[in-house]
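Both counts, for ligands and for their atoms, begin at 1 and track the order of listing.
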Amino acid sequence: MDKVKIGTCWLDGCSGCHMSLLDLDEGIVGVLEKADIVFGPLVDAQEWPEGVDVALIEGAVSSQDDLDLALTARERSKIVVALGDCAVTGNVPSMRNGIPTRKLLERVYVEGATEGRGVPTDGVPALLKQAEPLHSAIKVDVHVPGCPPKPDAILFVVGALLEGRMPDLGSKLRFG
Ligand code: SF4
């Protein structure tokens with residue numbers, strides 16, 4: 001039987017949700033018996049591949065690069081999971097939303113700089129006006145809240161998806 005293909009990525013997040021994913025401990029062995037991780041920080045692929053079964057996406061959509069990756073992942077994946085509060089609600093990244101982007105960048109890179117003052121333009125993804133939850137940009141099939149989500153909630157969701165079922169998080173829901 002073909003293994004399920006899992007892709008993971010983080011957009012505007014702190015990587016804490018991926019740390020929680022690694023915290024599955026021995027649960028990861030059961031996952032890897034049924035699935036291959038074909039994209040993400042743990043593997044070497046440079047581009048989100050075609051034919052992914054389950055996409056686990058951490059972080060809010062804050063930059064043009066985030067948006068492009070989210071759109072590609074959606075187009076090439078059957079099931080998209082918003083992993084963690086930043087992806088589910090915008091959470092920490094959305095705290096900047098009340099401040100105009102230009103003003104925010106100048107505060108950090110000009111007023112707040114002690115040397116090399118100037119808003120960077122080379123090699124830095126353009127910020128969108130707002131940091132938005134994932135469902136603002138693409139269709140999301142499963143939301144897994146938590147900052148980060150508990151490993152047992154992640155295992156519950158991934159386990160159900162590997163068996164071809166949509167998970168019902170019910171009492172496992174927890175924000176923050
Ligand atoms: S939900 Fe929490 S742990 Fe996950 S990326 Fe956001 S701040 Fe980090």
Quick check on contacts: which atoms of ligand 1 are under 4.0 angstrom from a heavy atom of [X]?
X      : answer
Asp85  : 1 (S)
Cys14  : 3 (S), 5 (S), 7 (S), 8 (Fe)
Pro148 : 3 (S)
Gly146 : 1 (S)
Glu58  : 5 (S)
Gly13  : 5 (S)

So do the side chains of His18 and Leu42 get within less than 4.5 Å of each other, counting heavy atoms only?
-> no
Option with minimal heavy-atom separation from atom 4 (Fe) of ligand 1, where the choices are Cys17, Gly84, Gly16, Ala60 | Cys17
Charged N to carboxylate O below 4.0 Å: is that the case for Lys5 and Asp53?
->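 Looking at Asp53 together with Lys5, the answer is no, because their closest N to O distance does not fall below 4.0 Å.
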Spell out, as yes or no, whether a donor-acceptor pair under 3.5 Å connects the side chain of Ser94 to the backbone of Asn91.
-> yes
Parallel, tilted or perpendicular for His135 and His143, by the 30°/60° rule?
->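 Aromatic pair His135/His143 classed perpendicular.
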Tell me which protein heavy atom sits closest to atom 6 (Fe) of ligand 1, plus the residue, atom name and distance to 0.1 Å.
->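 Heavy-atom neighbour on the protein nearest atom 6 (Fe) of ligand 1: Cys86 SG, 2.3 Å.
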What are the two closest heavy atoms between Thr89 and Pro133, and how far apart are they?
-> C-CB, 3.7 Å
Does the shortest distance from atom 6 (Fe) of ligand 1 to an N/O/S atom of Cys147 fall below 2.8 Å?
-> no
More than 12 foreign heavy atoms under 6.0 Å from CE of Met166: is that the case here?
->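 More than 12 within 6.0 Å, yes.
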Neighbour count >12 (heavy atoms, 6.0 Å) for atom NZ, Lys129 |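 Incorrect, the count does not exceed 12.
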